[in-house]
Peer 1: 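Take this structure, written in structure tokens, and hold onto it; I'll ask about it next.
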Amino acid sequence: MADRLHLDALAEELTPFRPLSPRLAYAVTALYLLAGGVFVILTLGVRSQYDAGLTDPMFIIRTAILLGLGVASLGAVTAMARPGVGAPPRGWRWALGAALLIPAAALIAALAGLTPAASEIFPRDGKECLAYSVGIGLVLGGVLTVWLRGGAPVSPERAGIVIGLASGSFGALAYSMHCPHNELVYVGLWYTLAIAITTLLGRLIVPRFVRW
Amino acid sequence: MVADDETLARLMALAQKGDKSAYRKLLGECEIWLKRYYSRKTGPDTLDDLVQETLMSLHRKRASWDAARPFLPWLAAIARYRWIDHLRKAYRNKETELNEELVADPSTPSITAKIGLEQLMKLIPERQALAIRLVKIEGLSIVEASRRSGQSESLVKVNIHRGIKRMAAAIEG
């Protein structure tokens, strides 16, 4: 009887409700990415090599990889909000694998002496890259975490990882509007580090907020 | 007989519009489905609690159902999550009692729960399964499990932790 009353009480609480909308997460992220890019341009200026940079192969590859990783990870976040038994989203793993080619290639080139690694690190710019990419990424990570709390992620740890990857990728993408460097070692080091930091923080912090 | 996915999805779609009677019917059907689901995984001592907790989760997370997808995989995912959470809590409770002498009572109904656990333990390395078996199932203390397995005390704890984590990952897919 107590059981029946319990279910009756739950049903009595019901009011019309809207299903969780992934579009909202996509729209908020797109707007935030735009705002992040504008913020970077206003505070740091546009890429100093912008004319050449638009057609520079590294700029194109970097933008495509960051966008691909960000979108695939964001897709995983939205899929996790609405659980279901079956194949979990794996696109983000492929995108991550593709993104890791950059630091791997940089490492190989540096070790093989194909590129003057020490002169391509640019630590001052690199620290700026980290501060902006991680800073912008962390705010986005917070926004996505709040959105995901409305969903039902069944793997909070994995949710933390994909939120960290998405926020780091988009943070780095926003910063790349200013980034004057196209060197393989620079991109392989600082961009990878920025995404690694947000991913680690996502893995450590997000699960406690999205558990239910 | 449990309602089919189409019926459940239809009831949930009505519930989204605020139809309390459809929602009440849906909860009743889900209760039957969950009792069946958990009866293969856990003992009768925890079955009712798990069903109640899952129904509460369904209620709190109802906005996470996507009307474009089938209903039962969504319900199953919530049920699995609650089950894993239950295993974690059970493990944590055990951990707080690690310094006490724990003796498993083979006559308890939780014996049936061990069947599901044994299936899961086939998915993890033997050393982790052994640590879980000794402490979680046989009820040995960490010190005793360490002596029995030849693993150090800290290794027993690590193997239990990692084993539970792996099993959870296996369930979560």
Side-chain angles (χ1 to χ4, degrees), chain A residues 1-26 75-90 92-93 144 146-162 203-204 207-212, chain B residues 5 11-32 35 37 48-49 51-85 88 165 168-173:
Chain A
M1 188 64 186
D3 185 39
R4 288 287 159 203
L5 282 174
H6 175 67
L7 296 185
D8 288 343
L10 282 186
E12 205 49 46
E13 276 180 23
L14 184 75
T15 50
F17 59 95
R18 278 188 173 187
L20 195 68
S21 169
R23 283 182 192 168
L24 180 66
Y26 284 114
V77 174
T78 59
M80 281 180 184
R82 300 168 303 160
V85 174
R90 296 196 192 281
W92 67 274
R93 293 174 196 246
L144 289 176
V146 169
W147 180 81
L148 189 58
R149 278 169 63 85
V154 293
S155 178
E157 290 80 12
R158 203 184 303 146
I161 290 171
V162 289
R203 170 64 184 78
L204 293 175
R208 71 189 66 177
F209 290 103
V210 298
R211 251 181 242 291
W212 47 283
Chain B
D5 191 273
L11 290 171
M12 187 61 163
L14 289 170
Q16 279 182 339
K17 293 173 188 161
D19 186 331
K20 293 179 182 178
S21 133
Y23 189 52
R24 175 62 186 84
K25 196 171 176 192
L26 176 80
L27 290 173
E29 294 293 341
C30 289
E31 184 183 30
I32 297 168
K35 278 183 177 166
Y37 176 85
D48 282 342
D49 287 345
V51 170
Q52 292 287 312
E53 282 175 23
T54 309
L55 287 170
M56 279 303 295
S57 294
L58 180 156
H59 181 67
R60 282 195 299 120
K61 296 293 182 182
R62 58 194 183 276
S64 71
W65 179 61
D66 179 0
R69 295 183 190 174
F71 180 85
L72 281 172
W74 176 74
L75 179 62
I78 291 176
R80 277 197 324 195
Y81 181 77
R82 284 272 71 96
W83 184 47
I84 293 162
D85 193 47
R88 282 198 181 115
K165 212 171 164 186
I171 296 167
E172 284 161 356

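Chain identifiers are assigned alphabetically (A, B, ...) following the order of the sequence lines, protein sequences preceding nucleic acid strands; residue numbering begins at 1 within each chain.
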Peer 1: Please classify the contact between B/L75 and chain A as side chain, backbone, both or neither, with a heavy-atom cut-off of under 4.5 Å.
Peer 2: neither
Peer 1: For atom CZ of A/R93, decide whether the heavy atoms of other residues, nucleotides or ligands shown that lie under 6.0 angstrom number more than 12.
Peer 2: yes
Peer 1: Atom CZ in B/F71, atom CG in B/L11: separation rounded to 0.5 Å?
Peer 2: 8.5 Å
Peer 1: Checking heavy atoms, do the side chain of A/A81, its backbone, both or neither come under 4.5 Å from chain B?
Peer 2: backbone
Peer 1: Locate the shortest heavy-atom distance separating B/A77 from A/V154; write the atom from each residue and the value.
Peer 2: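 The answer is O-CG1, 3.6 Å.
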Peer 1: Is it the side chain or the backbone of B/D19 that comes within 4.5 Å of chain A heavy atoms, both, or neither?
Peer 2: backbone
Peer 1: Measuring heavy-atom distances to chain A, does B/A15 have an atom under 4.5 Å in its side chain, in its backbone, in both, or in neither?
Peer 2: both
Peer 1: With only heavy atoms counted, which part of B/K61 is less than 4.5 Å from chain A, the side chain, the backbone, both or neither?
Peer 2: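 Contact with chain A is through the side chain of B/K61 alone.
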Peer 1: Does some side-chain heavy atom of A/T78 sit less than 4.5 Å from a side-chain heavy atom of A/W147?
Peer 2: yes
Peer 1: Please state whether the side chain, the backbone, both or neither of A/P22 comes within less than 4.5 Å of a heavy atom of chain B.
Peer 2: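 Neither part; nothing is under 4.5 Å.
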Peer 1: Among A/L20, A/L14, A/T15, which has the most heavy-atom pairs under 4.5 Å with chain B?
Peer 2: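 Most heavy-atom pairs within the cutoff with chain B belong to A/L14.
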Peer 1: Sort out for me which of B/R60, B/R62, B/K25, B/R69 touches chain A most, counting heavy-atom pairs under 4.5 Å.
Peer 2: B/R62
Peer 1: Pair B/R82, B/S57 - check side chain to side chain donor-acceptor pair (under 3.5 Å), show working.
Peer 2: CA-CA 8 Å; B/R82 284 272 71 96; B/S57 294; 2.7 Å; yes
Peer 1: In terms of relative ring orientation, are B/Y81 and A/W212 parallel, tilted or perpendicular, with 30° and 60° separating the classes?
Peer 2: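 Rings of B/Y81 and A/W212: parallel, under 30°.
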Peer 1: Less than 4.5 Å to any heavy atom of chain A: does that hold for the side chain of B/W74, its backbone, both, or neither?
Peer 2: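 For B/W74, backbone and side chain are both near chain A.
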Peer 1: If you count heavy-atom pairs under 4.5 Å with chain B, which of A/P153, A/S21, A/G151, A/G150 comes out on top?
Peer 2: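 Between A/P153, A/S21, A/G151, A/G150, the count favours A/G151.
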Peer 1: Of the non-hydrogen atoms in B/A79 and B/Y37, which two are nearest, and what is the gap between them?
Peer 2: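 For B/A79 and B/Y37, the tightest heavy-atom pair comes out as CB-CE2, 3.5 Å.
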